[in-house]
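For clarity, every value in this text was computed on a predicted model and none was experimentally measured. For this chain, numbers begin at 1 and follow the sequence in order. Order of appearance sets the numbers: ligands from 1, and atoms from 1 within every ligand.
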Amino acid sequence: MALYRRIPGAIAVITLTNPPVNALSCTVREAIYETVKRATADQEVKAIVLCGANGKFCGGADIKEFSREMRGPPLVPMIDMIEESEKPVVAVIEGVAFGGGLELALGCHYRIAHSGAQVGLTEVTLGLLPAAGGTQRLPRLIGVPAALDIITTGRHVSAQEAVRLGIVDKVTDSSAMEEAIEFAKTVAGEPMGPRRLSLWTAACPEDLDSLLEGALVRIRQRSRGALAPVACVQAVRAAASLPFAQGMKKEQELMAYLFTSGQARAMQYCFFTQRAAARWTTPSGASWENTKARPVRQAAVIGLGTMGKGIAVSLSRAGIPVIAVETEQKRLKAGRKAVNSMLTRESQKRGLAEAHLGSISFTLDLRKLRDTDLVIEAVFEDMALKKQIFSKLSSVCRPDALLCTNTSGLNIDEIASAASRPELVVGTHFFAPAHVMKLLEVVCGPRTSPVAVATAMQLAKRLEKIGVVVGNCSGFVGNRMMRPYTEQAYYLLEEGARPEEVDLVLEEFGFAMGIFRVMDLSGLDVGWRSRKELGLTGPKLPPGTEARSRGGKRYSPLPDILCESGRLGQKTGRGWYLYEKERVATPDPWLQSFLEDYRSRFGIQSRRVGQDEILERCLYSLINEGFRILQEGIAASPEDIDVIYVSGYGWPRHRGGPMFYAWMVGLPKVLDKLEHYHRTHPDIPNLAPSSMLRKLVARGSPPVHQWRALIQQHSSQL
Ligand SMILES: CC/C=C\C/C=C/C(=O)SCCNC(=O)CCNC(=O)[C@H](O)C(C)(C)COP(=O)(O)OP(=O)(O)OC[C@H]1O[C@@H](n2cnc3c(N)ncnc32)[C@H](O)[C@@H]1OP(=O)(O)O
């Protein structure tokens, strides 16, 4: 709703009231109409102040309403009505003015913001464009280049930048409300014509075409295949070249096209699932609602390799004091230097005062951890070493200290067996670089207590990460699903494809990088080490093992051979690609002839592998593993899997996540294709459709949000 009150000085105050973010629901829009009409008709009122309850102006249109039939008055005529008012309307921007919220403020004649406020036309992040006049008013207000950037990225703009750009008229450190009321009194009675943005012309650079072309190039790099940012560019072009009314028509046409697109649906799904992941539950009845997290006043990180350094920076950035532990003086010194320079860069970039960072101390002595509330072990993936550390921690740390391991796939229960209090052992799987990546898999072993889960999830929130609770199995959710995906990529090379062909298909699907580029970036030796550990290659491999088979299943030794010949990826200048210039991947003729030799050595008939086959075999095998994970109860819901993939594995947001994508493609089609590929490759068990997928198809392929109920009938590992 919107509350109306008249205050001394002939001012009407209209307060948007729809907790938690004052979204413009049907009821709110109706109330705005009514109250603005009342204020304009009231002879006693000379100016109107529009604000939001609880220190937030407005979080935009109500996203929940997008999936329902449209009811109530639309936004566009409502905002036009405000702009047409003869009485000045002053928007008070506190907290946020996002999407339709900022568009509403742009319809007002003046905008006064609190210094802590943020504004933005965020619709593009939901697969839409600012279709309540935002694409037409913002370029008129601040010029085409700045508006283009804000509209196509959806980025949050601070109040300081907003006043510099001219989006708001004034910023104040004190009460924006009081400032706005006083200001409204000074402009009461003035003609409002010059303040109506619809009557302005957008300041436009001479080289408009090259500006727009440049934006499209950046969009293709950033979010290949996404429709909304491209539509945003078209709408801004309309603002630059057409009268307001025609520009608005174009905006509406583009919105109608986006609104019904699968991409908008996928991105809105991502918005809600990301928030839902915080509401974790376990089958024992423990949940975010009934389990209290322990306070974390001091933390420790063991191991200052790539992951440990990033974790220490993340903790410090959240204001948590950290003790960083290494085993050797040399490593400790190098770690300290790297962490300190990362923190300096961070504070410069984010404008964080040193005082807000948690202090970091460095030590070789584990006994210094006796007062820590939480320890994160981030040493090599070596079970014996990890067990040794957890055993020592048990004797050094306080009995209630939470002991976390950053393993990316080892058995949490086995690690916990070395601790005297296994219920306080939990996996906190960070993603590299740990101070940048948003995802945190919180791995719950069979003995992990609810309080340990709650504390790790609370930590994720403090670190501004997205925590997702998963069960204990090799690779957990994310890395486990990657295995069949990468295996298919190797098999496709064996059968005739080239790395650049596979990568191109995946990049056109929307991944920022294809799988072979990713492997070159992270280093081929990472997977090699774990295959050696598992006895799939290297000294532990039983003599006489067939080169392309392990345990009766197909195996590709291709990555092992590359590693053995010193091709470890970018760091050695060659891997699946050649890197003559730093980080620039070029197809390598050597690899091409190596693959030809390899195929003839093993009698493989090379064939032309089509793009559909590349995409389907890579993605459907990954999705199939997702269904197995659901069936085994390793993930609580398909939504959790999707959050993991979108926030940790570069799955394109406009495709929702692997499980959502499977549903969009059609579960019967996924099943049919998996059956087909399994028939043609019976030695690849990963291609055999999971029984969960079959069950869902048999039940008529219900939408993703209904799968959870079916999954609960299976056992859960959480
Ligand atoms: C026909 C259309 C014509 C015109 C175009 C206009 C389009 C739009 O306006 S689209 C919406 C644009 N708005 C946004 O993109 C803002 C989205 N929200 C946020 O970014 C954040 O929620 C926030 C910064 C506003 C607040 O962040 P925070 O304090 O961290 O809280 P949460 O994100 O956890 O949100 C709390 C709660 O509110 C729900 N919610 C937030 N925004 C909306 C919204 N616009 N519509 C509906 N619901 C919203 C969010 O889902 C959370 O709900 P739960 O507690 O149930 O999870």
Side-chain angles (χ1 to χ4, degrees), residues 16-29 32 52-80 93-107 116-138 150-151 153-158 228 231-232 235 248 251-261 263-265 267-280 288-289 438 457 460-467 639 643 647 653 705:
L16 311 184
T17 311
N18 183 16
V21 301
N22 301 324
L24 296 164
S25 63
C26 163
T27 322
V28 173
R29 295 194 308 274
I32 295 176
N54 299 321
K56 284 191 184 104
F57 180 65
C58 176
D62 186 337
I63 307 166
K64 287 189 214 90
E65 287 186 357
F66 290 167
S67 53
R68 302 178 203 144
E69 204 187 323
M70 165 80 184
R71 286 190 304 117
L75 272 177
V76 170
M78 185 190 91
I79 293 172
D80 288 348
I93 303 182
E94 294 174 311
V96 293
F98 287 154
L102 180 56
E103 294 176 278
L104 173 64
L106 292 174
Q118 290 190 311
V119 303
L121 290 177
T122 49
E123 286 91 338
V124 72
T125 65
L126 297 164
L128 302 172
L129 54 67
T135 67
Q136 302 306 299
R137 285 194 176 91
L138 192 65
I150 289 172
I151 293 169
T153 60
R155 70 184 176 87
H156 296 178
V157 178
S158 68
C232 286
M248 286 299 290
E251 184 187 272
Q252 292 309 305
E253 282 166 16
L254 290 163
M255 179 65 159
Y257 159 68
L258 292 178
F259 200 75
T260 49
S261 73
Q263 293 198 359
R265 215 165 155 186
M267 292 177 90
Q268 288 154 31
Y269 166 84
C270 288
F271 177 85
F272 288 115
T273 52
Q274 188 177 316
R275 282 155 181 84
R279 294 191 279 269
W280 60 274
W288 65 286
E289 279 179 306
K438 286 278 173 208
M457 286 297 278
K461 199 168 171 193
R462 263 181 96 179
L463 302 185
E464 294 179 16
K465 297 199 183 291
I466 302 164
E639 288 92 339
V643 172
S647 55
R653 209 175 165 79
H705 68 268

Look at the side chain of R653 and the backbone N and O of M267, then say whether any donor-acceptor pair between them is shorter than 3.5 Å. no

Just so I know, are the side chains of E639 and Y269 near enough to count as touching, which here means a heavy-atom distance under 4.5 Å? yes

With sequence neighbours left out, write down each residue that passes ring pair (Phe, Tyr, Trp, His ring centres under 6.0 Å) with Y257, or none if nothing qualifies. none

Full working for side-chain contact (heavy atoms from CB on, under 4.5 Å) between L104 and F57: CA-CA 10 Å; L104 173 64; F57 180 65; 4.1 Å; yes

At less than 4.0 angstrom from any atom of ligand 1, which residues have a non-hydrogen atom? List them by chain and residue number. P20, V21, A23, G59, G60, A61, D62, I63, K64, F66, L75, F98, G99, G100, E103, T122, E123, L126, A131, A132, M255, F271, F272, R275, R279

Donor-acceptor pair, Q118 side chain versus H156 backbone, under 3.5 Å? no

Please answer whether the main-chain N or O of K64 pairs with a side-chain N or O of D62 as donor and acceptor at a distance below 3.5 Å. yes

